[in-house]
Amino acid sequence: MRKPIPIDEAIERVMEWCREGEKEYVSLEQCDGRILAEHVEATMPIPWFDRSPYDGYALVADATERASTHAPVLLEVVGTIGAGSVWDGTLAPNEAVKIMTGAAIPNGANAVVMVELTKEIEKDGKRFVQIKRKVNEGENISRVGEDMKQGEIVVEKGTVIHPGIVAVLATFGYDRVPVMKKPKVAIISTGSELLHVYEPLEKGKIRNSNAYMLQAQIRRVGGEPILFGKVADTFEHTLHVVQKALREADVVITTGGVSVGDFDYMPRVYEHLGAKLLFNKVAMRPGSVTSAAVFENKMLFGLSGNPSACYVGFELFARPFIKAMLGQPKRYLKKVQAVLQKDFLKPNPFTRFVRANVSYDDGMLHVEPVGKDKSNIVSSLAQANAFIVLPGGTRGFQAGNRVDVLLLHDEGDNVWS
Ligand SMILES: Nc1nc2c(c(=O)[nH]1)N[C@H]1C(S)=C(S)[C@@H](COP(=O)(O)OP(=O)(O)OC[C@H]3O[C@@H](n4cnc5c(N)ncnc54)[C@H](O)[C@@H]3O)O[C@H]1N2
Ligand code: MOO
Ligand SMILES: [Mg+2]
């Protein structure tokens, strides 16, 4: 008889063995979606020179002190600069430089007036700009360091690099970006019934869906999946492939063969290896047979063969482990509360994860179970965007109850507002 342990404790037992991985460098073009391996510190202030945020005229503010509609001030336009150009002189109080958005503020100038508030006129072959109101010192200048101050930590290590971070990296001249190496995660599918997806069907056999599902789950959390194929339900074959995977990967995930059937060999494989068993039963459904063991500091996750139990086992245990190897502080699925839309009357001796659909209506999160809820069902995995979490030891839940929900992926919305 196996003794089920609570989910929290199982997660704790797994996470104790986690070590942060190494870093590597990738090009700026290839870094999005990877995990930052170092803080991004502002190595210089941004902007690093005072610049104009508008198309207009750079001037000395004092010169406009008395400007009004009735008595406009005329300043001589001594130059024109676009972004990227620099005006070399030093501006005198009776002068202005026509300046475009992004150009460096000329020496001597301390304000910019927008072009819409001015009128340019020509007199005696010279250009003048007419200004009808007082411009304050510092007005319309993007100051050095306004965006980022030198020495400031702009993005923390462990953050997933998204497009905004790519912009910051480019701003500081990172052509190579330090990212966490992707942990190599082996996938071994056990089961004599399994066929490759391209093989013709035979009576009693099924296609191996878990391997590809896990491959996608591993990629989604930032790991590098390595498929070790399928192994027939024999002890020798299973042991051989597990040993090979342990040599080549950082983490090994097996599916199937962890329960109490005559051909469930994973428990014997752990025993033969002398691996330290962390647990072989968790008080949850699906996935109660989920097991974990450690061999030479490498984690072996023994996930159930049943597709939805396999999916849940990965998200609860392998996901945070891989994310922690990647140095990510946000390791777990996001948990929110939502209002149940339909009765779910089954009692829950173990904590139950119900495949569900969550939606945002009228300022509230609503959730309803989706598809069939048995452990061996694949279709509801395709339909679900969340799991409802019903704690162990509770009776049924009714429509209107508030329930915890784990979000599986962000899908955006079908309308703008
Ligand atoms: N007497 C008992 N029988 C079972 C128990 C139990 O407590 N006592 N637990 C049941 C539960 S719950 C689960 S979950 C399964 C777990 O079994 P295993 O993890 O040992 O997995 P298998 O027996 O190898 O396979 C289970 C099921 O999943 C299918 N499968 C396996 N691999 C794949 C794959 N790669 N792709 C798609 N489908 C796969 C397999 O054909 C089986 O139908 O045990 C129950 N039994
Ligand atoms: O391990 Mo099974 O999926 O609990 O149903
Ligand atoms: Mg079995």
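Both counts, for ligands and for their atoms, begin at 1 and track the order of listing. Since the structure is predicted, the reported quantities are computational estimates derived from the model, not experimental observations. Count residues from 1 along the sequence.
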Please answer whether the main-chain N or O of A211 pairs with a side-chain N or O of N208 as donor and acceptor at a distance below 3.5 Å.
yes
Put together the list of close N/O pairs, under 3.5 Å, between ligand 1 and the protein, could you?
from	atom 1	to	atom 2	distance (Å)
ligand 1	19 (O)	G305	N	3.0
ligand 1	20 (O)	G257	N	3.2
ligand 1	20 (O)	V258	N	3.0
ligand 1	20 (O)	S259	N	3.0
ligand 1	20 (O)	D264	OD1	3.2
ligand 1	20 (O)	D264	OD2	3.4
ligand 1	21 (O)	G257	N	3.4
ligand 1	21 (O)	G305	N	3.3
ligand 1	24 (O)	G257	N	3.0
ligand 1	28 (O)	G305	O	3.1
ligand 1	28 (O)	N306	N	3.3
ligand 1	28 (O)	N306	OD1	3.4
ligand 1	30 (N)	G305	O	3.2
ligand 1	35 (N)	N208	OD1	2.9
ligand 1	35 (N)	N210	ND2	3.4
ligand 1	36 (N)	S209	N	3.1
ligand 1	36 (N)	N210	N	3.2
ligand 1	41 (O)	E193	OE2	2.6

Between S359 and D361, does any side-chain donor sit less than 3.5 Å from a side-chain acceptor?
yes
Less than 3.5 Å apart, any donor N or O on the side chain of N136 or K134 sitting next to an acceptor on the other?
yes
N357-N385 side chain donor-acceptor pair, cut-off 3.5 Å
yes
Modelled atom types, side-chain donor and acceptor of E116 and Y54, under 3.5 Å
no
Y174 side, atom OH; L28 side, atom CG - distance, nearest 0.5 Å:
11.0 Å
For ligand 2, the residues whose heavy atoms come within less than 4.0 Å (ordered by chain, then number):
R285, P286, G287, S288, V289, A309, S375
Between D32 and H162 (side chain of the first, backbone of the second, donor and acceptor by atom type, cut-off under 3.5 Å), is there such a pair?
no
Does any N or O in the side chain of R355 come within less than 3.5 Å of the main-chain N or O of D373, such that one atom is a donor and the other an acceptor?
yes
Could you grab the distance from atom CG of L273 to atom CG of L239, nearest 0.5 Å is fine?
5.5 Å
